[in-house]
Amino acid sequence: MGIIAWILIGLFAGIIAKVLMPGKDPGGIIVTILIGIAGGLLGGWLGKVIFGIDSVDGFFEISTWIAAIIGSMILLALYRLIAGNRRHA
């Protein structure tokens, strides 16, 4: 997939992750998009390493979207943990 496709998947995966994990986040929409893009890459890599699934087959493959959303949720949770600890320190 091209970089434009990853940006689009990341955008939507970040938004979906934010909807699935409601709460106050220290970042805005740009951070959500960046977390979504990174989460898509992370989810695709984890799916390949752990399960041996090539989830980066195409833009319309459901496995690509599931991997991107799960990766985005993981990164969003980590971001909340790290950024939340900085505010309380």
Side-chain angles (χ1 to χ4, degrees):
M1 285 192 313
I3 190 73
I4 301 296
W6 274 114
I7 292 171
L8 288 174
I9 286 176
L11 169 69
F12 293 119
I15 291 169
I16 292 169
K18 183 106 166 146
V19 168
L20 292 175
M21 297 176 63
K24 188 167 177 114
D25 287 326
I29 188 71
I30 300 298
V31 173
T32 301
I33 292 169
L34 293 175
I35 288 174
I37 293 168
L41 294 171
L42 174 69
W45 178 75
L46 285 175
K48 187 172 187 174
V49 169
I50 295 173
F51 302 111
I53 299 169
D54 189 16
S55 62
V56 192
D57 290 335
F59 188 80
F60 295 107
E61 295 289 327
I62 189 72
S63 60
T64 301
W65 286 90
I66 291 171
I69 293 167
I70 290 172
S72 296
M73 290 175 71
I74 290 169
L75 287 183
L76 184 58
L78 288 173
Y79 179 70
R80 285 179 179 176
L81 253 169
I82 292 168
N85 286 339
R86 285 187 186 167
R87 282 194 289 179
H88 297 293

Which heavy-atom pair separates Ala17 from Ile69 by the least distance, and what is that distance?
-> CB-O, 4.3 Å

Measure the CD1-NZ distance between Ile15 and Lys18 for me, rounded to the nearest 0.5 Å.
-> 10.5 Å

Could you state the interatomic distance from CG (Leu81) to CG (Leu76), rounded to the nearest 0.5 Å?
-> 10.5 Å

Nearest atoms (heavy-atom pairs only) where Ser72 meets Gly14 | OG-N, 4.0 Å

